[in-house]
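Note that the structure is a prediction, hence the values are computed from the model and not measured.
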Amino acid sequence: MSLPPKTLRASVAQAACCQYDLEKTLDKLERLTQLAKDRDNSQLVVFPEGIIGGYPKRSTFGAVIGERSPEGRDEFLRYWNAAVDIPGPAITRIEEISRKTDVFLVVGVIERGGGTLYCTVIMVDPTEGYVGKHRKLMPTASERLVWGQGDGSTLPVLERSFKSSSDQTLKAKLSATICWENYMPLLRYYYYSKGTQIYCAPTVDARPVWQHSMKHIALEGRCFVLAACQFAQEKDYPADHAVADPNVRNAENIMIAGGSVIVSPLGETLAGPLLDGEGILTADLDLNDCVRGKFDLDVTGHYARPDVFGFTANVV
C-alpha cells in the first residue's frame with residue numbers, strides 16, 4: 001500500500017561571509033537563494049552560522065585570562081559594528097529576498113542586543129517576513145568572550161505551509177540548532193518533543209566527525225537534518241585578520257572547510273557532504289519518512305519511559 005508523498009524541496013547553502021562587508025554578503029545571500037530557486041526549485045534554504053556578521057575564526061580579541069588589550073577592544077568594536085539589529089535594515093533586506101524568490105530562509109546572523117552580541121538564527125517566511133529567531137544557548141569555548149548566552153525565550157519550532165510535489169499544501173515543523181548546541185542532549189530532546197521534522201543545523205564545524213553527529217541526530221529524532229557550514233578562505237577576511245600561519249599567508253588558504261550535508265530520518269545521506277568550495281545542496285524531503293521512522297523509534301513517545309525519566313524546559 002503506497003500513500004502519496006508529502007514532499008518539499010530544500011537546500012543548504014555553503015558559503016562564507018564577506019567579513020565586515022554587509023552589503024556584499026547580503027548580495028551573496030540573494031544570489032545563492034535565487035540560484036537554489038531557479039536551478040533546484042527549492043522552497044527552503046538554510047544558510048550557515050554567522051553568514052551575516054561573520055564568524056571570527058582564529059581571533060583572540062587580545063584576551064588572556066585576567067587581561068584584555070586595547071587592540072582587542074578595538075577588534076570587538078569592529079565586530080560589533082558588523083553585527084545586525086533585529087529588526088533592522090539587514091532583516092528587511094532578507095525579507096525582501098525571501099519574498100522575491102518565494103523561498104523560506106533560515107539564516108545565521110550575529111545579532112546586536114545592546115552592547116552584547118548573540119549568535120542567532122532567523123527564520124523568514126516569503127509571505128509573513130521575519131517569523132522567529134533562535135539565540136545560541138551555549139557559545140563554545142572562546143566564543144563566550146564575544147557572544148552572550150541565549151535563553152528559553154528563543155526556542156521556536158515553527159509550523160509552516162509548503163506546496164508538495166503533487167501541488168497539495170503540506171505543513172512542516174522546523175527548528176534550528178547552532179553548531180555545538182547539537183551536542184546538548186536536552187536541547188535536542190526539547191525540539192524532538194515539539195515534533196520537529198526539519199532540523200536545521202547552521203554551523204562552522206567542518207571536521208569530518210561532524211557528519212557522524214548529523215546522522216546520529218537524524219536517526220535519533222527521526223527528522224531531516226539540514227547542516228549548512230561556511231566554506232571560508234583567507235580572502236574572505238581582512239588582511240589584518242589572524243590566520244593559522246602568519247608566515248605563509250595565501251588568499252586561497254582555507255579557514256573553514258565546509259562539509260554541509262542533508263540527512264534523512266533513517267540516516268541516509270541525501271546530499272553531500274560538500275567539500276572544497278562554496279555551493280548548494282538540494283534534496284526532496286518526504287515528511288512521511290519522519291513517521292515511517294517513528295514506527296520503531298520515537299524518543300519522546302514509546303521510547304521515552306516517563307515512568308523512569310522526567311524532562312522539563314524553562315521556556316518563556
Main-chain N/O of Gly88 paired to Asp85 side chain as donor or acceptor, under 3.5 Å:
no
Flag side-chain contact, heavy atom, 4.5 Å: Gln197 against Pro265:
no
So, the side chain of Arg144 versus the backbone of Pro139: is there a donor-acceptor pair under 3.5 Å, distance only?
yes
Just checking Lys294: does its NZ atom have more than 12 heavy atoms from other residues, nucleotides or ligands closer to it than 6.0 angstrom?
yes
Return yes if a side-chain donor-acceptor contact under 3.5 Å exists between Gln19 and Asp236, otherwise no.
no
The reported gap from CZ in Arg222 to SG in Cys290 (rounded to nearest 0.5 angstrom) is 10.5 Å
Write down the atom of Leu145, the atom of Ala63, and the distance for their closest heavy-atom approach.
CD2-CB, 3.7 Å
Quiz question: by atom type and distance under 3.5 Å, do the side chains of Lys37 and Thr101 form a donor-acceptor pair?
no
Check: Ser153/Asp151 side-chain N/O donor and acceptor closer than 3.5 Å
yes
When you measure from the side chain of Asp40 to the backbone N and O of Ser42, does any donor-acceptor pair fall under 3.5 Å?
no
Looking only at side chains, do Glu252 and Gln233 share a donor and an acceptor under 3.5 Å apart?
yes
Same cluster for Leu77 and Tyr20 if Ile/Leu/Val/Met/Phe/Trp/Tyr side chains link at under 4.5 Å?
no
Say you draw a straight line from CD1 of Ile51 to CD of Gln14; how long is it, rounded to the nearest 0.5 Å?
10.0 Å
Roughly how far apart are Glu23 CD and Cys18 SG, rounded to 0.5 Å?
11.0 Å
Nearest 0.5 angstrom please: His241 NE2 to Lys57 NZ, how far?
9.0 Å
I'd like to check Leu285 versus Thr7 (side-chain heavy atoms, cut-off strictly below 4.5 Å). Are they in contact?
no
Shared ILVMFWY cluster between Val225 and Trp180, side chains joined below 4.5 angstrom?
yes
Heavy-atom donor-acceptor pair, Arg68 side chain to Gly62 backbone, under 3.5 Å
no
Thr196 and Ser175: side chain donor to acceptor below 3.5 Å:
yes
Within the side chain of Asp205, is there an N or O that forms a donor-acceptor pair under 3.5 Å with the backbone of Gly259?
no
Given Arg160 and Lys173, is the side-chain contact (heavy atoms from CB on, under 4.5 Å) satisfied, shown in steps?
CA-CA 6 Å; Arg160 314 310 296 173; Lys173 290 186 176 182; over 6 Å; no
Verify side-chain contact (heavy atoms from CB on, under 4.5 Å) between Leu155 and Leu137, making sure each step is shown before the conclusion.
CA-CA 9 Å; Leu155 297 177; Leu137 287 176; 4.2 Å; yes
Would you call the rings of Phe311 and Tyr190 parallel, tilted or perpendicular, taking 30° and 60° as the class edges?
tilted
When rounded to the nearest 0.5 angstrom, what distance separates CZ in Phe47 from SG in Cys17?
12.5 Å
Can you check side-chain contact (heavy atoms from CB on, under 4.5 Å) on Leu274 and Phe231, steps first, answer last?
CA-CA 9 Å; Leu274 178 59; Phe231 180 89; over 6 Å; no
In the structure I gave you, are the side-chain heavy atoms of Met214 and Asn182 within less than 4.5 Å of one another anywhere?
yes
Between Tyr199 and Tyr192, what is the ring plane arrangement, given parallel below 30°, perpendicular above 60°, and tilted in between?
tilted
Given side-chain contact (heavy atoms from CB on, under 4.5 Å), test Lys6 with Asp286 step by step and report yes or no.
CA-CA 5 Å; Lys6 294 182 178 180; Asp286 182 359; 4.0 Å; yes
Relative to the ring of Phe76, is the ring of Phe61 parallel (under 30°), tilted (30 to 60°) or perpendicular (over 60°)?
perpendicular
Counting only heavy atoms not in Asp296 (residues, nucleotides, ligands), do more than 12 fall under 6.0 Å from its CG?
yes
Shortest non-hydrogen separation from Cys229 to Ser260 and the atoms involved:
N-OG, 2.8 Å
Straight-line distance of Asp289 CG to Glu268 CD, nearest 0.5 Å:
9.0 Å
Determine the minimum heavy-atom distance between Ala283 and Leu270, stating which atoms define it.
CB-CB, 3.8 Å
Under the ring pair (Phe, Tyr, Trp, His ring centres under 6.0 Å) rule, collect the residues that match up with Tyr55, sequence neighbours excluded.
Trp147
Grouping I, L, V, M, F, W and Y whenever their side-chain heavy atoms are under 4.5 Å apart, do Ile178 and Met184 come out in a common cluster?
no
Are Glu128 and Val131 side-chain neighbours, meaning at least one heavy-atom pair lies under 4.5 Å?
yes
Do you reckon Met123 sits in the same ILVMFWY cluster as Phe224, going by side-chain contacts under 4.5 Å, direct or chained?
yes
Taking only residues at least two apart or on different chains, which pairs with a member in residues 82-139 satisfy ring-ring contact (aromatic ring centres under 6.0 Å, His included)?
none
With a cut-off of 6.0 Å (strictly less than), are more than 12 heavy atoms of other residues, nucleotides or ligands near CZ of Arg73?
no
In the single-linkage hydrophobic clustering (I, L, V, M, F, W, Y; side-chain heavy atoms under 4.5 Å), do Leu32 and Leu105 co-cluster?
yes
Do the side chains of Val12 and Val261 get nearer than 4.5 Å, heavy atoms only?
no
Is the shortest side-chain heavy-atom distance between Leu174 and Leu44 below 4.5 Å?
yes
No-hydrogen, no-angle side-chain donor-acceptor test under 3.5 Å, Tyr183 and Ser213:
yes
How close do Leu275 and Ala257 get, heavy atom to heavy atom, and via which atoms?
CD2-O, 4.2 Å
Identify the heavy atoms of Pro48 and Ala13 that sit nearest to each other, and give their distance.
CD-O, 3.2 Å
Less than 4.5 Å apart, any side-chain heavy atom of Leu170 and any of Leu287?
yes
Can you tell whether the side chains of Glu49 and Lys136 come within less than 4.0 Å, N to carboxylate O?
yes
